[in-house]
There are 2 protein chains.
Amino acid sequence: MKNITPNFTPASVNCDECPIKDRAVCAYCEKSEMALLEAMKSYKTYAAGDPIIFAGDRMVFVGSVVTGVARLSQTMEDGRKQMVGLLLPSDFVGRPGRSYSAFDVEATTDVTLCRFERKPFEKLLSDIPNLRERMLEMALDELDAAREWMLLLGRKTAREKIASLLTIIARRQNSTATVSKNDITFDLNLTREAMSEYLGLTLETVSRQINALKKDGVIRLEKKRQVHVKDFARLLAETGDDADGGFLA
Amino acid sequence: MKNITPNFTPASVNCDECPIKDRAVCAYCEKSEMALLEAMKSYKTYAAGDPIIFAGDRMVFVGSVVTGVARLSQTMEDGRKQMVGLLLPSDFVGRPGRSYSAFDVEATTDVTLCRFERKPFEKLLSDIPNLRERMLEMALDELDAAREWMLLLGRKTAREKIASLLTIIARRQNSTATVSKNDITFDLNLTREAMSEYLGLTLETVSRQINALKKDGVIRLEKKRQVHVKDFARLLAETGDDADGGFLA
DNA sequence: CGAGAACTTGACTACAATCAAAGGTAGTGG
DNA sequence: CCACTACCTTTGATTGTAGTCAAGTTCTCG
C-alpha cells in the first residue's frame, strides 16, 4: 500500500541493539533466556493501513511492536467500530493461551513486529519465570489503561473526550518534562475518523468539537493535523479529570 | 449496615472446602503451596453498600471474592461514576505491585473476601509459578472483558447494553452447560442504579429499557430483580454481538 | 404499619448522530 | 504544470436517543 518505514532494518538486529529491549515482554530475561527468544524470533513489517490479524483468525504468531503504531479494534456486524487499544513500540500483540484472535489488529503507520510462533512462545512462557513476570506486569498495565478508557467512553462528553485524547497525544509526544510547560505543539497522526473510532463518536462530532475548542481559544490549529496548545492547564481542565488525574503511585 | 450473608462461615473453612478453589488465583496451586496461602489468609466480610477500598487509598490487602458481588469504579469530580469491573466469586481484588488503589471498590451485596497482606502475597507470587500462572491468566481474561466492555460503552445502544448485561449475568450464574438451554431464570444482584453505572446510562434509561425488553417479550420479570428468559437466543440477538459472540477458543 | 429505598413513568430538553453537501488537500498521470 | 481523482475535513439542517427533572408507585424491612 505504501512504502516501508526505512529507519529500522530487521534482518541485521540482534537483541542487544533492539530499541524496545528494556520495555518489551523480554525485558526481564537474562542472557541465556534471551538467546532462546532470539533463536525463534523473526521480523515482519506491515504497511500503514494493512491488517495484521482479523478477529476470529487463527493466531499463529504473537510478538512485540518494534516500530510504528498499530491499533486493536472490534467491529460489529453493522459496521460500528470501536478501537480498544493503541499498540505502541514495546506493546505485545496476541494473547498466549488463545488460538484465535478476539480483536482486529491493524497497522496505523508502518509497523515492524518482532514475532514468535505462538506455541513455542507459550512453552517459553511457562519455562521462563522472568518472561511470565513481565507479561503479567504488562497485562495489568493494559488493564488499568482499558479501565481509564471505560470512564471516558461511558461518562465523558464529546468535548471532554476530545480534550482527553489531545492531552494523551500531547503527553506521549512531548517528554514528561515538557508536560509541565504551558506551550506545546504536537502532531495528530490520526484522521478524524480514527479519532472517532477511538472516542466512540462520529467523525463529524470530532470535527465540530475540535473546531469548538479552537474557537474557544483552547487550542490553535497550525495545520489540520498539527495542534498548538498555549495553555496546557486549560486543556487539562477541559478533560473533566481532576487536577492530578493519571498520576498514581 | 446490614446483616451478614449466612451461608458461608469463614472461620471454619479450610481451603479444601472453599467454594472458589477451582477458579480463584490459587486454583493451580499444589497442596504444599496451598498450605502457604492458607497460613496467611484471613476472611473479612463487608456489608452491602460498604466501601472495600477507595481510589488513592493505600492498598494493604489483596484477595479473592469468596461470596457476594463487588464492583470496581471510578468517579469524576462532579459525581459522574463509571463502573469498570464487576467482581464475582473467585475474582481477584487489588493489583500486586501497586501500593495505591487506582479505583474504588465497593460491596454491592454482602461480600466475603479471602484476604492476604499485599507484601507477603507478592512474595508468594514470585515464589510460586502456579500462582503467577493463574494470575496472568486471570489478568488476560479481565483485559479481554474490559475491551469487550469498551465496545459496549462506545458503540452500543441503551437496549443493546441492557441485553448484553443480562446475557453476561445469565452466563455467569448458570453453568456453561445451562447456557445452551433456552429457558433460563436468574437474579439481578444489582440495583438499577448499579446497572446504570456499569453501562454508562442513567437509572431511568435502564428502567425504561428493561421494561421495553419485557414489553417486547424478550424477558419476563418474576420479581423486580429476577429475570426469566424464555428464548436465550432472542436475548442474544438483542445484544448486537454476532451469533457466536464470546465463544473464542 | 410506616419510612425509606428502589423502581417506574411522564414531559421535556439537549447532545450527539445522521443525512447531505461543499471545501480542502495530496497524490497521480496526462 | 495542471487537471483529475480520491480522501479528508468542515459545515449546515434535521432527527433521535438518552438525559434531566419531577411525580408517583412499589418494595423491603424494621
Side-chain angles (χ1 to χ4, degrees), chain A residues 1-3 47-49 76 78-82 108 152-165 187-215 219-227 238 240, chain B residues 1-6 47-50 76 78-82 108-110 152-165 187-215 219-227 238 240:
Chain A
M1 231 163 208
K2 280 206 188 169
N3 63 324
M76 294 171 70
D78 62 5
R80 279 175 285 174
K81 188 169 175 180
Q82 177 64 52
T108 299
L152 178 144
L153 291 172
R155 294 300 180 194
K156 289 191 176 180
T157 64
R159 185 184 178 100
E160 288 169 340
K161 287 179 177 181
I162 297 290
S164 300
L165 181 61
D187 292 314
L188 294 174
N189 32 26
L190 300 167
T191 64
R192 302 288 185 259
E193 183 177 36
M195 290 187 245
S196 76
E197 285 168 4
Y198 208 60
L199 299 172
L201 297 170
T202 59
L203 66 91
E204 294 95 328
T205 298
V206 169
S207 177
R208 277 187 243 272
Q209 294 298 335
I210 286 180
N211 286 301
L213 286 174
K214 176 177 137 194
K215 193 156 72 70
I219 60 174
R220 224 167 49 215
L221 295 180
E222 306 299 343
K223 295 185 291 185
K224 294 275 181 218
R225 301 272 188 91
Q226 192 174 70
V227 179
E238 295 280 359
Chain B
M1 231 164 209
K2 280 206 187 169
N3 65 322
I4 294 312
T5 183
D50 282 0
M76 293 170 70
D78 61 5
R80 279 176 285 174
K81 190 170 173 180
Q82 177 64 51
T108 299
T109 64
D110 295 335
L152 178 145
L153 290 172
R155 295 300 182 193
K156 288 191 176 179
T157 64
R159 173 183 263 244
E160 289 169 340
K161 287 179 176 181
I162 296 290
S164 299
L165 181 61
D187 292 315
L188 294 174
N189 300 315
L190 301 168
T191 65
R192 302 289 186 258
E193 183 178 38
M195 289 187 246
S196 76
E197 286 168 2
Y198 207 52
L199 299 171
L201 296 170
T202 59
L203 66 91
E204 293 96 328
T205 298
V206 169
S207 177
R208 278 187 245 271
Q209 294 298 336
I210 286 180
N211 286 300
L213 286 174
K214 176 177 138 196
K215 193 156 72 69
I219 60 174
R220 223 166 50 215
L221 294 179
E222 306 300 343
K223 294 185 291 186
K224 294 273 182 222
R225 302 270 189 93
Q226 192 173 69
V227 178
E238 294 281 358

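Here is how names work: the chains are called A, B, and so on, in the same order as the sequence lines, proteins then strands, and each is numbered from 1. If you're wondering where the values come from, they're calculated on a predicted model, not measured in any experiment.
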Engineer: Rounded to whole angstrom units, what separation is found between the NZ atom of B/Lys215 and the P atom of C/dT9?
Structural biologist: 10 Å

Engineer: For residues 155-162 of chain B, which residues have at least one heavy atom under 4.0 Å from DNA chain C?
Structural biologist: none

Engineer: May I ask you to verify whether the side chain of A/Glu204 and the base of C/dC19 hold a donor-acceptor pair under 3.5 Å?
Structural biologist: yes

Engineer: Specify the residue among A/Thr205 and A/Lys224 whose closest nucleotide of DNA chain C lies further upstream toward the 5′ end.
Structural biologist: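 It is A/Thr205 whose nearest nucleotide is closer to the 5' end.
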
Engineer: Please give, in whole Å, the distance from C/dA5 P to B/Leu203 CG?
Structural biologist: 14 Å

Engineer: Just N and O in the side chain of A/Arg225: are any of them under 4.0 Å from OP1 or OP2 of D/dT9?
Structural biologist: yes

Engineer: Using a strict 4.0 Å threshold on nitrogen-to-oxygen distance, state whether B/Arg80 and A/Glu160 make a salt bridge.
Structural biologist: yes

Engineer: From CG of A/Leu188 over to C1' of D/dT9, roughly how many Å is that when rounded to an integer?
Structural biologist: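 Interatomic distance, CG of A/Leu188 to C1' of D/dT9: 13 Å.
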
Engineer: When the distance from CG of A/Asp78 to C1' of C/dA17 is rounded to whole Å, what number comes out?
Structural biologist: 14 Å

Engineer: Between P on D/dA22 and CZ on B/Arg208, what's the gap in Å once rounded to a whole number?
Structural biologist: 15 Å

Engineer: What is the minimum heavy-atom distance between B/Asp187 and B/Gln226, and which atoms define it?
Structural biologist: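 Reported closest heavy-atom pair: OD1-NE2, 3.0 Å.
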
Engineer: For B/Glu222 and D/dC27, give me the distance from atom CD to atom P, rounded to whole Å.
Structural biologist: 14 Å

Engineer: Give one of base, sugar-phosphate or nothing for A/Ser207, where a contact means two heavy atoms less than 4.0 Å apart.
Structural biologist: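 Counting heavy atoms under 4.0 Å across all strands, the contact made by A/Ser207 includes a base.
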
Engineer: Could you check if a side-chain atom of A/Ser196 sits within less than 4.5 angstrom of a side-chain atom of A/Thr202, using non-hydrogen atoms only?
Structural biologist: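 They are not in contact (no side-chain heavy atoms under 4.5 Å apart), so the answer is no.
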
Engineer: Kindly indicate whether the side chain of A/Lys214, heavy atoms from C-beta on, has any atom under 4.5 Å from the side chain of A/Arg220.
Structural biologist: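 No, their side chains stay 4.5 Å or more apart.
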
Engineer: Taking atom OG1 of B/Thr205 and atom CD of B/Gln209, what is their separation to the nearest 0.5 Å?
Structural biologist: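 It is 7.0 Å, given to the nearest 0.5 Å.
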
Engineer: Closest approach of A/Tyr198 and A/Leu153, non-hydrogen atoms and distance?
Structural biologist: O-CD2, 3.9 Å

Engineer: Could you state the interatomic distance from OG (B/Ser207) to CG (B/Leu201), rounded to the nearest 0.5 Å?
Structural biologist: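 Separation between the atoms: 12.0 Å.
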
Engineer: Ignoring hydrogens and geometry beyond distance, is the side chain of A/Arg192 in donor-acceptor contact with the base of C/dT25 at under 3.5 Å?
Structural biologist: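 When only heavy-atom distances are counted, A/Arg192 does not reach the base of C/dT25 through any donor-acceptor pair under 3.5 Å.
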
Engineer: What is the bend of the helix from C/dC1-D/dG30 to C/dG30-D/dC1 when you compare the axis at one end with the axis at the other, using five pairs each and rounding to 10°?
Structural biologist: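 About 40° separates the two local helix axes.
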
Engineer: Could you state the atom-to-atom distance from CE of B/Met195 to P of C/dC7 in whole Å?
Structural biologist: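 These atoms are roughly 6 Å apart.
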
Engineer: Rounded to whole Å, please give me the gap between CG in A/Leu221 and C1' in D/dT9.
Structural biologist: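 Roughly 11 Å, once rounded to whole Å.
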
Engineer: Indicate, with a heavy-atom threshold strictly under 4.0 Å, whether B/Thr202 touches base, sugar-phosphate, or nothing.
Structural biologist: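 Base, at least one base atom sits under 4.0 Å.
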
Engineer: Just wondering, do B/Thr191 and B/Arg225 contact through their side chains at under 4.5 Å, heavy atoms?
Structural biologist: yes

Engineer: A side-chain contact here means heavy atoms from C-beta on lying under 4.5 Å apart; do A/Leu221 and A/Ile210 qualify?
Structural biologist: yes

